[in-house]
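Have a look at the structure below, then the notes.
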Amino acid sequence: MRSLSAWAPEGIPEIRPGTDLPQVLVDALRAAGTPLVDGDVLVAAQKVVSKAEGSLRHLVEVTPGAEAHRLAARSGKDPRLAQVILDESTAILRVRPGLIIAEHRLGYVCANAGVDHSNVGLGEEWICLLPRNPDASAAAIRRAAREAFGTTVGVVINDSHGRPFREGAVGVAIGSAGLDPLLSFIGQQDRDGHTLRASVEAVADELAATASLLQGQAAEGTPLVVIRGARYVAGTGPSRPMLRAPEKDMFR
């Protein structure tokens, strides 16, 4: 019998810029009293990673340019926020009142280039950006877990993204370490003997979505989830292989 379990340690304090996040997460895992084992996966929420690393902007310090004013007029957003979205983007793909779909500088296509007001905790004029290097952030958490517990784990940094053809947001991986984010079944045979030609599983995204069920979207305060029993291939873990090349994107 195969099984999968997930749990979220409680008591993680409010994260501020400069917080040693890997150490805070290790302390929370120790306090929970459930030791890590080889093969566990730690999923950390993007928001705490960004806050600890200082990936924040204070809108008072932002001066919007002409392009930002045009984008704000089309979207109904604060021109200062529009400027930050432009700063974080390589392209603006779609705009409607209340929403900007952008290609983030790291390659993710998401709402507002990942710029977010919620749960920043520093005041209304502060906004949170995506981490500068989520794969490096995941690797740092993985090193801390190995040093603290002597175990080899995978780490995923997750964020909530919407989808163009379905309602609701789901957790997706924006960074990873210690695991291959994709699991290919190409060349294997199904139960009827057919050779699989295009079956690739987005393991890191599935782990990210699983963790989101415990992390929540509002005031839950559970930014770390431990998943045990997941099937994945250990690897170096950069998340970039998950990004579909624009020439293969039929909808862009």
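Rounding to the nearest 0.5 Å gives a distance of 12.5 Å between NE2 of His194 and OG of Ser199. Note that NE2 of His117 and CG of Leu81 are 5.5 Å apart. Values are rounded to the nearest 0.5 Å. Rounding to the nearest 0.5 Å places OH of Tyr108 at 8.0 Å from NE2 of His161. The distance from the CD1 atom of Ile227 to the OG1 atom of Thr210 is 5.0 Å, given to the nearest 0.5 Å. Annotation: the span from Arg231 atom CZ to Glu206 atom CD amounts to 8.0 Å, rounded to 0.5 Å. Rounding to the nearest 0.5 Å places CZ of Arg228 at 10.0 Å from OG of Ser3.
Val203 and Ile157 are assigned to two separate hydrophobic clusters, defined by single-linkage of ILVMFWY side chains at heavy-atom distances under 4.5 Å. Taking hydrophobic clusters as Ile, Leu, Val, Met, Phe, Trp and Tyr residues chained together by side-chain heavy-atom distances below 4.5 Å, Val109 does not share a cluster with Met242. Tracing side-chain contacts under 4.5 Å through hydrophobic residues (I, L, V, M, F, W, Y), one reaches Val155 starting from Ile15; they form part of the same cluster. Cluster membership for Val115 and Leu106, using ILVMFWY side-chain heavy atoms within less than 4.5 angstrom, is not shared. The cluster map of Ile, Leu, Val, Met, Phe, Trp and Tyr, joined by side-chain heavy atoms under 4.5 Å apart, puts Val48 and Leu29 in the same cluster.
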Side chain to side chain contact (heavy atoms under 4.5 Å, CB included) between Arg94 and Ile100: does it pass, once the steps are laid out? CA-CA 6 Å; Arg94 298 286 188 276; Ile100 300 169; over 6 Å; no

Would Asp249 and Arg244 count as a salt bridge (Lys or Arg N to Asp or Glu O under 4.0 Å) if you check the C-alpha gap in whole Å, the side-chain angles of each, and the deciding distance to 0.1 Å? CA-CA 7 Å; Asp249 187 341; Arg244 177 166 287 160; 5.9 Å; no

Checking side chain to side chain contact (heavy atoms under 4.5 Å, CB included) for the pair Val95/Ile101: CA distance, chi angles, key distance, verdict? CA-CA 6 Å; Val95 182; Ile101 301 297; over 6 Å; no

One pair to check against side chain to side chain contact (heavy atoms under 4.5 Å, CB included): His104 and Leu130. What are the steps and the verdict? CA-CA 9 Å; His104 186 268; Leu130 296 186; 3.8 Å; yes

Check step by step if side chain to side chain contact (heavy atoms under 4.5 Å, CB included) holds for Val153 and Arg146. CA-CA 7 Å; Val153 300; Arg146 183 172 61 243; over 6 Å; no

Step-by-step side chain to side chain donor-acceptor pair (under 3.5 Å) determination, Thr151 to Asp38: CA-CA 5 Å; Thr151 54; Asp38 287 341; 4.8 Å; no

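A salt bridge does not link Arg80 with Glu61: every distance from a Lys NZ or Arg NE/NH1/NH2 to an Asp or Glu carboxylate oxygen is 4.0 Å or more. Between Asp87 and Arg57 there is a salt bridge, with a side-chain nitrogen of the basic residue lying less than 4.0 Å from a carboxylate oxygen of the acidic one.
A donor-acceptor pair is defined here as one N or O able to donate and one able to accept, closer than 3.5 Å; no such pair exists between the side chain of Asp205 and the backbone of Ala202. Listed for the Ser75 side chain is no donor-acceptor partner under 3.5 Å among the backbone atoms of Pro97. Side chain of Ser50 to backbone of Leu129: a donor-acceptor contact under 3.5 angstrom is found. For Ser212 (side chain) and Ala208 (main-chain N/O), a donor-acceptor pair under 3.5 Å exists by modelled atom type. In this structure, Thr19 contributes its side chain and Arg16 its backbone to a donor-acceptor pair below 3.5 Å. Under the 3.5 Å distance criterion, the side-chain polar atoms of Asp116 are left unmatched by any main-chain donor or acceptor of Cys128.
A donor atom on one side chain and an acceptor atom on the other are found under 3.5 Å apart for Glu53 and Ser137. Between the side chains of Asp78 and Gln83, no donor N or O sits under 3.5 Å from an acceptor N or O.
When all heavy atoms of Pro17 and Gly54 are compared, the pair lying nearest together is CB-CA, 4.4 Å. The two atoms that bring Ala68 and Pro79 nearest to each other are CB-O, 3.7 Å, heavy atoms only. Among all heavy-atom pairs drawn from Leu4 and Ala230, the shortest one is CD1-N, 3.4 Å. Taking every heavy atom of both residues into account, Leu21 and Ala52 meet most closely at CB-CB, 3.8 Å. What you find for Ala204 and Val156 is that their closest heavy atoms are O-CG1, 4.1 Å. Pairing each heavy atom of Leu243 with each of Gly107, the nearest pair is CD2-O, 3.7 Å.
Two residues are said to be in side-chain contact when any heavy atoms from C-beta on lie closer than 4.5 Å; Val26 and Phe149 meet this criterion. Side-chain contact between Asn158 and Val172: absent, with no pair of heavy atoms (C-beta onward) separated by less than 4.5 Å. For the pair Leu71 and Lys77, the minimum side-chain heavy-atom distance is 4.5 Å or more. Side-chain atoms of Arg132 and Ser55, non-hydrogen and from C-beta on, do get closer than 4.5 Å to each other. Using a 4.5 Å heavy-atom cutoff, the side chains of Val225 and Trp7 are not in contact. With contacts defined as side-chain heavy-atom distances shorter than 4.5 Å, the pair Ile12/Val24 qualifies. Looking only at side-chain heavy atoms (C-beta outward), Leu224 and Leu42 come within less than 4.5 Å of each other. Under the 4.5 Å side-chain criterion, counting only non-hydrogen atoms from C-beta, Glu88 is not in contact with Asn112.
Counting non-hydrogen atoms of neighbouring residues, nucleotides and ligands closer than 6.0 angstrom, the CD atom of Glu14 exceeds 12 such neighbours. Surrounding CZ of Arg166 are at most 12 heavy atoms belonging to other residues, nucleotides or ligands under 6.0 Å away. The neighbour count for Glu201 CD, taken as heavy atoms of other residues, nucleotides or ligands under 6.0 Å away, is above 12. At most 12 heavy atoms of other shown residues, nucleotides or ligands fall within 6.0 angstrom of atom CD in Glu167.
Using cut-offs of 30° and 60° on the angle between ring planes, the pair Trp126 and His58 is parallel.
Tested against Ser176 for a side-chain contact (heavy atoms from CB on, under 4.5 Å), the candidates Val41, Val43, Asp135 yield a single pass: Asp135.
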